[in-house]
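Notes follow once the structure below has been shown.
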2 protein chains.
Amino acid sequence: MNIGAAARASGVSAKMIRHYEQIGLLPAPARRTSGYRDYDTADLHRLRFVRRARDLGFPLDRIADLLRLWSDRDRSNADVKAIALAHLADLDRQVRLLHEMADVLRALADACDGDGRPHCPIIAGLDGDVLAPGHCHEAGSATSSPPRPGAPSGILR
Amino acid sequence: MNIGAAARASGVSAKMIRHYEQIGLLPAPARRTSGYRDYDTADLHRLRFVRRARDLGFPLDRIADLLRLWSDRDRSNADVKAIALAHLADLDRQVRLLHEMADVLRALADACDGDGRPHCPIIAGLDGDVLAPGHCHEAGSATSSPPRPGAPSGILR
DNA sequence: GTTGACCTTCCCATGATGGGAAGGTGCACA
DNA sequence: TGTGCACCTTCCCATCATGGGAAGGTCAAC
């Protein structure tokens with residue numbers, strides 16, 4: 001089948017299929033005389049594997065590892081589990097981080113009347129102005145320990 | 001003070017400070033005859049604002065909005081709150097998404113003995129092989145509805 | 001033959017945070 | 001005064017995954 005059909009059948013966009021082929025994640029499929037790519041069932045199977053792994057947030061280089069293990073009949077499930085657990089730790093870390101951010105922000109937003117006046121605990125919080133009136137103590141202390149978005153390591157893009 | 005000192009005092013790296021200036025997020029500071037940037041207390045105050053906003057995961061274009069509101073003495077706190085709440089909704093969405101991924105992956109990993117043998121429910125789950133023996137039903141159904149990492153919209157990178 | 005959907009490759013963009021190269025400046029110390 | 005090293009400048013590229021779009025070719029229904 002052509003790339004568009006493969007994309008629809010796998011949930012991986014044509015653009016991404018080409019990209020994955022280009023970076024070596026996927027083998028190049030057969031080509032028709034027209035130059036069009038021709039995907040067979042094994043290709044499709046592989047694409048679906050990639051789709052599912054992406055859906056779980058695995059980065060591409062980990063997916064490459066998983067694909068290798070998938071096709072290795074002598075694989076050790078311990079290797080697979082190690083990859084999965086490392087990624088799981090990542091996911092949990094991100095959840096924690098985002099949760100902390102959300103909590104801080106929620107407290108600031110809750111402290112804001114949103115009545116159209118200039119005074120705003122959110123702004124005060126970002127200002128680092130712990131002497132702001134009203135819910136100043138909560139807002140101030142909340143922004144003193146927010147988590148920090150790190151270097152490119154996010155699961156979602 | 002020089003950019004290095006400003007970076008240390010604000011927590012925003014020198015690279016990022018230059019970048020933020022380049023993209024117009026921050027005004028260009030004064031320059032010494034050497035060509036070195038010279039940051040004053042207002043600059044530093046602004047950098048700290050940006051640091052805190054970044055720590056809460058606000059994207060730069062939202063931070064630009066917040067900076068504008070911060071310096072507008074006639075701002076409406078409703079505008080600030082709207083930005084905060086939109087971002088909060090984003091954070092909550094991401095948490096939910098990552099949480100679902102983590103749950104699916106945890107179930108798969110828990111189902112794997114990790115004893116070094118080739119059989120692996122994680123691989124089976126990614127394979128979409130719902131007929132895998134053992135914890136096949138749980139693993140299979142789990143991977144049938146995992147969330148999908150989307151287009152670049154992640155808070156963390 | 002025509003048309004429109006699909007295909008190809010290529011180049012660029014996103015968002016935030018860098019690394020590193022090449023070359024200049026400042027200052028403490030000998 | 002000279003030296004050496006930390007710091008500074010600008011510029012270009014990279015990361016990660018997912019695109020958009022341009023230019024040009026192919027296919028199949030009508």
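Chain naming here is simple, since letters A, B, ... match the order of the sequence lines and numbering starts at 1 in each. Hydrogens, waters and symmetry mates play no part in the numbers below; they use all other heavy atoms, side chains included.
Candidate nucleotides C:dG18, C:dT17, D:dA17 were compared by shortest atom distance to the side chain of B:Arg54, and C:dT17 ranks first.
In this structure, A:Ile63 places its CD1 atom 13 Å from C1' of D:dT18, rounding to the nearest Å. In this structure, B:Asn2 atom CG and C:dT25 atom P are separated by 14 Å, rounded to whole Å. Distance B:Gln22 CD to C:dT17 C1': 14 Å, rounded to the nearest Å. If you measure from atom CZ of B:Arg18 to atom C1' of D:dT9, you get 7 Å, rounded to the nearest angstrom. In this structure, A:Arg8 atom CZ and C:dC6 atom C1' are separated by 9 Å, rounded to whole Å. Rounded to whole angstrom, the span from the CD atom of B:Gln94 across to the C1' atom of C:dG15 amounts to 13 Å. In this structure, the NE2 atom of B:His19 is 11 Å from the C1' atom of C:dT14, given to the nearest Å. Put simply, CZ on A:Arg32 is 11 Å from C1' on C:dC7, counting in whole angstrom units.
For A:Ser34, a side-chain nitrogen or oxygen approaches OP1 or OP2 of D:dC27 to under 4.0 Å. Look at A:Arg37 and you'll find a side-chain N or O under 4.0 angstrom from OP1 or OP2 of C:dT8. At C:dT9, one or more side-chain N or O atoms of A:Arg31 fall inside 4.0 Å of OP1 or OP2 (strictly under the cut-off).
Taking the nucleotide of DNA chain D with the nearest heavy atom to each of A:Tyr20 and B:Lys15, the more 5' of the two is matched to B:Lys15.
Put simply, CD1 on B:Ile63 and CZ on B:Phe58 are 8.0 Å apart, with the number rounded to the nearest 0.5 Å.
Ring orientation note: the planes of B:His45 and B:Trp70 are nearly perpendicular, at an angle over 60° on the 30°/60° scale.
Counting atom types as modelled, A:Tyr36 pairs a side-chain N or O with a base atom of C:dC6 as donor and acceptor under 3.5 Å.
With salt bridges taken as basic N to acidic carboxylate O contacts below 4.0 Å, one links B:Asp113 and B:Arg117. The existence of a salt bridge linking B:Arg68 and B:Asp65 is confirmed by a sub-4.0 Å separation between a basic side-chain nitrogen and an acidic carboxylate oxygen.
A side-chain donor-acceptor contact under 3.5 Å links A:Asn77 to the backbone of B:Asp115.
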